[in-house]
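Letters go in sequence order (proteins before strands), and every chain restarts at 1.
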There are 2 protein chains.
Amino acid sequence: MEANENKIKGIPEPTVRRMPQYHNYVKNKKIQGEIYLSAPAIGRSLRLDSTQVTKDLAYTGVAGKPRIGYHVETLLAAIETFMGFNQIDHVFLVGAGNFGTALVGYPGFDEYGVKIVAAFDNDPKKIGSKIRGVPVFHIDKFRDLAQEMNVKFGIITTPPQNAQQVADLMISWGILAIWNFTPVNIQVPKHIIIQNTSIYANLAVIMNKLHHKLSIENL
Amino acid sequence: MEANENKIKGIPEPTVRRMPQYHNYVKNKKIQGEIYLSAPAIGRSLRLDSTQVTKDLAYTGVAGKPRIGYHVETLLAAIETFMGFNQIDHVFLVGAGNFGTALVGYPGFDEYGVKIVAAFDNDPKKIGSKIRGVPVFHIDKFRDLAQEMNVKFGIITTPPQNAQQVADLMISWGILAIWNFTPVNIQVPKHIIIQNTSIYANLAVIMNKLHHKLSIENL
DNA sequence: CAGTGTGAAGTTGTTCACAGCA
DNA sequence: TGCTGTGAACAACTTCACACTG
């Protein structure tokens, strides 16, 4: 299967979610000087079935060598091109509170082709300041700057009560993809990409497992 | 199907992940004074198939009324008991950096039965201080305090290079469940619950959708 | 009827089994 | 023998179809 076909029909989401893991793992192995890496080896470290690894990597277009594995350097480059990690997108973040600030400083975004170039808020105390080199503007400046810098991707880290309104504004200003960190279920038109990252979903999963475990142990 | 059976055989993970959404939605509707709520109505707001909603809610043990829906108050209580939201677990957080600090202040944890009661770090400047009322201790205090307070759940927000070591220590100190916010693939014994919350997996999904969209538009 | 509740069908993702290869 | 690569079996989750109910 050729890599370009996937661009059209879309890659399975679980595969996409695993790509950063592969990338991180392969990158480290490259730094350690490894030349070849096999799917079973990757699978063992990442706790994945080796067939899964093989199928995932096939999407990037690399070919492995029987008995030897994948050439580390080729594989790393394949993942990066396939995922677009080396093509940097500029991103705006709205809501320079605690979480927003932490996100701006989050390490490794650039490694994945993303650069937060400006933050926005409506708190006069914050406007004009910088968060780790990233300037904070009043939300009013969003539209013009987005146009100027051709920004299509926005992150929302506002208080929940502002989330929907901010999303509506962003969309009216030409944003195509929104990454929402608030617990709000933001409603967007069908053509807009929205990704909700809810801490609570993950919390629910782990709490459920923990309670399940504890209830079994108490039998 | 009875609620208790699920405790034993485990609930589908997607269902668990949706529970906080239902909870949040139903809670708001209760505040707004709604008495009954139907699965189709919930589905429309949360962009879920109505059968999905029905099946998910069935796990909590509630019964709905044909033509009317679910009694809001009963439903809310059912979700909370089912998920254990009203039984508070004390949690420790290791790594009082930017992200850790943001997490400590994250609103709504208590609503989901979780309370971060202490943070730990190895930076002398931070020790003795408080983050929104939560005391910061030296990591050396972890073991004794965990025993004292019967803490079984730990959050890791350290720099990546310390993540594995912190996890190993936590486990040796009796922690049963770890919520890992670092990009590291932490290795744990099989009986330990680990939940990796990687910002990068979500980032990869949205970037992939965005690139896909843009590549189609440029045809 | 407009909803619940559920078995059956459909879809998606994972794992198995094995052919081919060096 | 230990790997890649892939079609087929399997498992998990979602959606459909419909009987049932007030």
ring-ring contact (aromatic ring centres under 6.0 Å, His included) between F99(B) and F99(A): does it pass, once the steps are laid out? CA-CA 7 Å; F99(B) 199 79; F99(A) 199 79; 5.8 Å; yes
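Using cut-offs of 30° and 60° on the angle between ring planes, the pair F120(B) and F142(B) is tilted. The aromatic rings of Y200(B) and F109(A) stand perpendicular to each other, their planes meeting at an angle above 60°, with 30° marking the opposite boundary.
The side chain of T54(A) has dT6(D) as its nearest neighbour among dT14(C), dT4(C), dT6(D). Each of dT14(C), dG5(C), dG3(C) was ranked by its minimum atom distance to the side chain of P40(B); first place goes to dG3(C). For K55(B), the side-chain atoms get nearest to dA8(C) when compared with the rest of dC16(C), dA8(C), dT4(C). The listed nucleotides are dG3(C), dG2(D), dC13(D); the one nearest the side chain of P14(B) is dC13(D).
The six-membered or imidazole ring of Y106(A) lies away from that of F181(B), with a centre-to-centre distance of 6.0 Å or more.
Projected onto DNA chain C by closest heavy-atom contact, I68(A) and E13(A) fall at different nucleotides, the more 5' of which corresponds to E13(A). When each of T51(A) and R67(A) is assigned the nucleotide of DNA chain C with its nearest heavy atom, T51(A) is the one assigned upstream, toward the 5' end.
For the pair Y70(B) and dG5(C), the criterion of a side-chain N or O lying under 4.0 Å from OP1 or OP2 is met. Side-chain N/O atoms of R47(A) include none lying less than 4.0 angstrom from OP1 or OP2 on dT14(C). Distances shorter than 4.0 Å separate none of the side-chain N or O atoms of Y59(B) from OP1 or OP2 on dC13(D). Listed pair R17(B) / dC13(D) fails the phosphate criterion, with no side-chain N or O lying under 4.0 Å from OP1 or OP2.
Taking atom CG of residue L75(B) and atom C1' of nucleotide dG3(C), one finds them 15 Å apart after rounding to whole Å. Computed from coordinates, the H71(A) NE2 to dA22(C) C1' distance equals 17 Å when rounded to whole Å. Look at CG on D49(B): it is 13 Å from C1' on dT11(C), rounded to the nearest Å. Spacing between atom CG of D56(A) and atom C1' of dT4(D) amounts to 15 Å, rounded to whole angstrom units. In this structure, Y36(A) atom OH and dA22(C) atom C1' are separated by 13 Å, rounded to whole Å. As a whole-Å value, the separation of Q52(A) CD from dG13(C) P is 10 Å.
Enclosure of atom CD in Q147(A) is not indicated, since only 12 or fewer non-hydrogen atoms of other residues, nucleotides or ligands lie within 6.0 angstrom.
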